[in-house]
Every structure is written in structure tokens, then in C-alpha cells.
*Asks:* 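Take this structure, written in C-alpha cells, and hold onto it; I'll ask about it next.
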There are 2 protein chains.
Amino acid sequence: MRRDSRLSGVLHVLLHMAEFDGSVTSERLAALMNTNPVVVRRLMGGLRDLGLVASEKGHGGGWTLVCDLDRVTLYDVYVALGSPGIFAMGHRSEEPACLVEKAVNGALGSAFEDAERLLLARFSDVTLGHLSADFHARMAASGPCAQEAHPDVA
Amino acid sequence: MRRDSRLSGVLHVLLHMAEFDGSVTSERLAALMNTNPVVVRRLMGGLRDLGLVASEKGHGGGWTLVCDLDRVTLYDVYVALGSPGIFAMGHRSEEPACLVEKAVNGALGSAFEDAERLLLARFSDVTLGHLSADFHARMAASGPCAQEAHPDVA
DNA sequence: CACTCATGAAACATATCGTGTTGCATGAGA
DNA sequence: TCTCATGCAACACGATATGTTTCATGAGTG
């Protein structure tokens with residue numbers, strides 16, 4: 001549990017959901033991720049609020065994709081998670097009185113801003129559809145006898 | 001204490017040291033940083049190992065800059081700190097068996113690599129001399145009656 | 001209506017890691 | 001010998017992602 005893997009995790013969930021027809025329960029998704037259903041619900045909450053997925057209670061309930069995979073980017077998913085902090089590093093003080101620290105913040109800050117801008121731009125360039133296509137390409141490349149997408153669903 | 005501020009902190013220390021003539025004790029540096037002398041020693045250990053600073057024990061001991069400020073970049077300092085992890089986010093699994101996760105890792109990984117490359121390139125473009133010059137410019141800009149660099153040293 | 005299934009939410013435990021702090025050993029100079 | 005300062009180890013603390021349990025809510029089924 002070294003770093004924040006929520007974006008990685010929620011993308012994993014979404015791509016698995018794209019392989020299902022109907023709705024999928026948190027429990028089944030959690031089994032695919034080797035984690036706990038509550039963790040899945042926490043991850044999905046923000047996505048539901050932004051209309052990327054829908055959840056239904058009760059019998060036959062679960063999670064459903066309600067967005068166009070080709071119109072949702074990694075950036076959208078990132079925002080749905082609450083735009084978590086990107087960098088593990090930061091300033092010692094955001095509003096320093098010390099002029100030395102202001103100079104340090106200036107140099108580091110602009111570098112971090114540029115890197116963040118590039119990263120989020122890259123996120124905006126990739127749709128869930130791209131990821132899904134990449135997944136299917138890997139499926140095909142792994143041979144005709146490759147495992148199914150969901151071997152544990154049978 | 002939200003994020004790793006070691007790079008910011010150690011740059012702060014180095015720039016303050018540049019304003020001193022002789023050696024400076026950890027205690028004095030810690031006072032400038034509002035922290036503990038042991039924290040300063042921890043930060044400086046890696047820099048000493050790489051020959052950026054030197055330390056001496058006993059009477060009159062302390063820390064001295066032994067590098068050319070114009071030849072040491074932020075990247076060098078970053079490496080001296082042990083090249084700490086840059087991003088707060090990462091993969092759920094580095095070597096996943098799941099093809100979905102491989103696709104996710106591929107997309108996220110290349111974006112993170114590009115952003116890291118950009119960030120470190122920016123670090124390599126900035127020397128400690130640049131930061132020091134920036135600091136002195138800020139000193140001059142803050143007016144003739146501005147505080148000294150080390151008002152608490154008098 | 002009673003029962004079951006599944007989400008929603010809150011509380012708590014756990015692990016990691018940067019930071020702060022204390023204590024003691026080592027070595028250099030007065 | 002005494003003092004000063006680094007070096008190092010150990011421990012406490014705070015923040016946060018993650019894992020887990022418990023209970024409430026609501027939707028479908030018999």
C-alpha cells in the first residue's frame with residue numbers, strides 16, 4: 001500500500017464492467033480486484049455522482065456503465081475520484097515569509113505545474129474506449145486459447 | 001505534514017548556507033527552518049555522501065558548501081536525497097496477470113513516465129546558482145530596508 | 001408481510017512514511 | 001578533561017490509503 005492506486009483500481013473496475021452485459025455487484029467486482037466490496041463502493045461513489053456509472057439496490061442490483069466509453073477520458077475518471085493530489089512532493093510552506101523559500105517555491109512550483117499539466121493532458125487524450133481496445137488487442141495477441149476475460153464468472 | 005517536502009527543505013538549507021561564509025551548525029540551520037537539528041542532519045547526509053556539502057564535528061564544526069553552485073542542479077540534489085518517489089499515485093500491481101490491468105498500467109505508466117521525464121528535465125535545467133540569483137533579486141526588489149537574509153544571526 | 005440481496009454510510013483497524021524528538025556514542029578542539 | 005557538534009538508533013506522532021465490520025435503507029421475491 002505504498003501509493004494511491006485509486007485511479008488504477010477504478011479503471012480496472014470500469015474495464016471489467018465493460019465486458020459484462022448487465023449490472024455487476026460490488027462483491028463480484030471486488031473478487032476480480034482481490035479486495036473488499038466496500039472498497040469498490042467507495043471507488044465508484046464519485047463516478048456515480050458524475051453520471052459515469054449507476055448503482056441499484058436490492059435483488060438484481062449492482063453497478064452499470066451509463067457512459068459512452070469513447071467519450072470518457074482518464075481525466076474525467078481522475079476528476080470523478082476527486083482530483084487527488086498527483087505528486088508525493090510539495091512545498092515546505094505554501095506562503096513562506098522567507099525570501100529563500102519563495103525562490104525555492106517558485107522554481108519547484110513551476111516545474112511541478114508543467115509536469116502536472118502534461119500528465120493531465122495525457123489523461124485527457126486517452127478514453128476508456130482506447131483502454132478497452134488495448135485490452136482486446138492483448139487478448140487476441142495472447143493466442144486463441146487465451147483465458148477468458150472473466151474466467152471466474154462461469 | 002501532508003507531503004514529502006525534503007527537496008524543498010534541503011534547497012532551503014543550501015541557499016541559506018550560500019549566504020554564510022564559514023560552516024553552519026545543524027542547530028542554526030534548524031532554527032532557520034523551524035525544525036529540529038536531527039532533521040537537518042538527515043536531509044544533509046545524502047548530500048554529504050555525494051560531495052555537495054561537508055560536515056565537521058567538534059568545536060567550530062558544522063556544515064559547509066563544497067560545490068560550485070552554478071554546476072549543481074536541482075536534479076543533483078534530488079538524486080542526493082535518494083531519488084524519492086515523485087508521484088502520489090501508482091499501479092495497483094506492478095506485474096499483473098490480468099490483461100485488463102496490463103492495459104491500464106500501460107496507459108497510465110507511459111503518461112507518468114512522460115511527466116516524470118519532463119519534471120526531471122526541468123530540475124536539470126535549474127542550478128543552485130539560479131535559485132540564489134533569484135533570491136538576491138527578490139531581496140533587491142523588496143526594497144532597501146528589507147530584512148537581512150539572516151536577521152536572527154546578528 | 002417476511003425474507004433476501006445489494007448498496008450507503010459510518011466506525012475502526014492496519015500499514016506506510018515523513019516528520020519530530022530523545023538519548024547516546026564518537027570525534028575534534030579549547 | 002570538558003564542551004561542542006555530528007552520527008546514529010529508537011520511538012512517538014500525524015496523515016492517508018486500504019481493509020474490515022456493522023447497521024440502515026431500499027428493491028425485488030416468495
Side-chain angles (χ1 to χ4, degrees), chain A residues 1-10 12-13 17 20 22-49 53-64 66 78 81-94, chain B residues 1-13 17 20 22-49 53-64 66 78 81-93:
Chain A
M1 172 200 335
R2 195 156 67 266
R3 302 180 288 182
D4 179 355
S5 62
R6 281 178 292 178
L7 182 57
S8 173
V10 80
H12 193 170
V13 169
M17 286 177 64
F20 283 91
S23 63
V24 198
T25 66
S26 307
E27 187 171 354
R28 184 168 291 186
L29 291 172
L32 289 173
M33 312 259 302
N34 295 312
T35 183
N36 194 289
V38 179
V39 175
V40 174
R41 292 188 196 117
R42 267 204 293 244
L43 284 178
M44 306 288 280
L47 278 72
R48 180 194 52 226
D49 296 342
V53 299
S55 62
E56 276 181 285
K57 292 182 174 181
H59 256 102
W63 299 88
T64 1
V66 293
Y78 165 76
L81 287 177
S83 308
I86 290 177
F87 297 106
M89 320 172 59
H91 299 329
R92 266 174 35 86
S93 165
E94 291 304 327
Chain B
M1 174 199 339
R2 192 157 68 266
R3 304 179 286 184
D4 180 354
S5 62
R6 281 178 291 178
L7 181 58
S8 172
V10 82
L11 290 175
H12 193 171
V13 169
M17 287 176 64
F20 283 91
S23 65
V24 199
T25 66
S26 306
E27 188 171 353
R28 183 169 290 187
L29 291 172
L32 289 173
M33 313 258 303
N34 294 312
T35 183
N36 195 290
V38 179
V39 175
V40 173
R41 292 189 195 115
R42 265 202 296 243
L43 284 178
M44 306 288 280
L47 279 70
R48 180 192 53 225
D49 297 342
V53 298
S55 62
E56 277 181 285
K57 293 183 175 180
H59 257 103
W63 299 89
T64 1
V66 292
Y78 165 77
L81 287 177
S83 307
I86 291 177
F87 297 106
M89 319 172 59
H91 299 329
R92 266 174 36 86
S93 164

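Proteins come first, then strands; the chains are lettered A, B, ... in the order of their sequence lines, and each starts at number 1.
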*Asks:* Rounded to the nearest Å, what distance is computed from the CZ atom of residue B:Arg28 to the C1' atom of nucleotide D:dA5?
*Replies:*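 After rounding, the reported distance stands at 13 Å.
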
*Asks:* Between A:Leu7 (CG) and D:dT18 (P), how many Å, whole number?
*Replies:* 11 Å

*Asks:* How long is the line joining CG of A:Asn34 and P of D:dT18, in whole Å?
*Replies:* 14 Å

*Asks:* When you match B:Gly45 and A:Val38 each to their closest nucleotide on DNA chain D, which lands nearer the 5' end?
*Replies:* B:Gly45

*Asks:* Would you please confirm or rule out a distance under 4.0 Å between OP1 or OP2 of D:dG7 and any side-chain N or O of B:Arg42?
*Replies:*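 False: B:Arg42 side-chain N/O out of range (4.0 Å or more) of D:dG7 OP1/OP2.
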
*Asks:* For C:dG8 and A:Arg41 - does any side-chain N or O of the residue sit under 4.0 Å from the phosphate oxygens OP1/OP2?
*Replies:*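 Negative; the distance criterion is not met.
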
*Asks:* Only distances under 3.5 Å count here; give the side-chain donor-acceptor pairs of residues 30-39 of chain A to other protein atoms, sequence neighbours excluded, each with its distance to 0.1 Å.
*Replies:*
| unit_1 | atom_1 | unit_2 | atom_2 | d |
| --- | --- | --- | --- | --- |
| A:Asn36 | OD1 | A:Val38 | N | 3.0 |

*Asks:* Check whether any side-chain N or O of A:Arg6 sits under 4.0 Å from OP1 or OP2 of D:dA17, and answer yes or no.
*Replies:*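 For D:dA17, OP1/OP2 do have a side-chain N/O of A:Arg6 under 4.0 Å.
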
*Asks:* Do the side chains of A:Ile86 and B:Ile86 get nearer than 4.5 Å, heavy atoms only?
*Replies:*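 B:Ile86 does not reach A:Ile86 side chain to side chain.
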
*Asks:* Tell me whether the side-chain N/O atoms of A:Ser55 come closer than 4.0 Å to OP1 or OP2 in C:dG8.
*Replies:*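 Affirmative; the distance criterion is met.
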
*Asks:* If you look at every heavy atom in B:Met44 and B:Val10, which pair is closest and at what distance?
*Replies:* SD-CG2, 4.2 Å

*Asks:* In whole Å, I'd like the distance from the CG atom of B:Leu47 to the P atom of D:dG7.
*Replies:*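 One finds 12 Å between P of D:dG7 and CG of B:Leu47, rounded.
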
*Asks:* What is the distance, to the nearest angstrom, from the CZ atom on B:Phe87 to the C1' atom on D:dT16?
*Replies:*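 Computing the B:Phe87:CZ to D:dT16:C1' distance gives 19 Å.
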
*Asks:* Treat primed atoms plus P, OP1 and OP2 as sugar-phosphate and everything else as base, then score nucleotides 23-30 of chain D 5' to 3': B for base contact with protein heavy atoms under 4.0 Å, S for sugar-phosphate contact only, - for none.
*Replies:* --BBBB--

*Asks:* Please work out if B:Arg92 contacts a base, only the sugar-phosphate, or nothing of the nucleic acid, heavy-atom cut-off 4.0 Å.
*Replies:*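 It contacts nothing in the nucleic acid.
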
*Asks:* Does a nitrogen or oxygen in the side chain of A:Arg48 sit under 4.0 Å from OP1 or OP2 of C:dG8?
*Replies:* yes

*Asks:* How long is the line joining CD of A:Glu27 and C1' of C:dG8, in whole Å?
*Replies:* 16 Å

*Asks:* Looking at C:dG20, I'd like to know if its phosphate oxygens (OP1 or OP2) sit under 4.0 Å from a side-chain N or O belonging to B:Thr35.
*Replies:* yes

*Asks:* Taking only the side-chain heavy atoms of A:Val39 (C-beta and beyond), determine which of D:dG7, C:dA6, D:dT20 contains the nearest atom.
*Replies:* D:dT20

*Asks:* Could you state the CE-C1' distance from A:Met89 to C:dG18, rounded to the nearest angstrom?
*Replies:* 12 Å

*Asks:* Once salt bridge (charged side-chain N to carboxylate O under 4.0 Å, His left out) is applied, do any residues pair with A:Arg6, and if so which ones, sequence neighbours excluded?
*Replies:* A:Asp4

*Asks:* I need the CG-C1' distance between B:Asn36 and D:dA10, as an integer number of Å.
*Replies:*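 So the two atoms are 14 Å apart, to the nearest Å.
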
*Asks:* If I compare all heavy atoms of B:Gly61 with all of B:Ser23, which pair ends up nearest, and what's the gap?
*Replies:* O-OG, 3.5 Å

*Asks:* Examine C:dG18: is either OP1 or OP2 under 4.0 Å from a nitrogen or oxygen in the side chain of B:Ser5? Give yes or no.
*Replies:* no

*Asks:* Restricting to non-hydrogen atoms, name the atom on B:Gly85 and the atom on A:Ala88 that form the minimum distance, rounded to 0.1 Å.
*Replies:*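 B:Gly85 and A:Ala88 have their closest heavy atoms at O-CB, 3.6 Å.
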
*Asks:* Restricting to ring pair (Phe, Tyr, Trp, His ring centres under 6.0 Å), what partner residues turn up for A:Tyr78, sequence neighbours left out?
*Replies:*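 Partners of A:Tyr78 by the ring pair (Phe, Tyr, Trp, His ring centres under 6.0 Å) criterion come out as none, since no residue qualifies.
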
*Asks:* Any side-chain N or O of B:Ser26 under 4.0 Å from OP1/OP2 of D:dT6?
*Replies:* yes

*Asks:* Report the residues that fulfil side-chain contact (heavy atoms from CB on, under 4.5 Å) with A:Ser8, sequence neighbours left out, ordered by chain and then residue number.
*Replies:* B:Arg92, B:Glu101, B:Val104, B:Asn105, B:Leu108

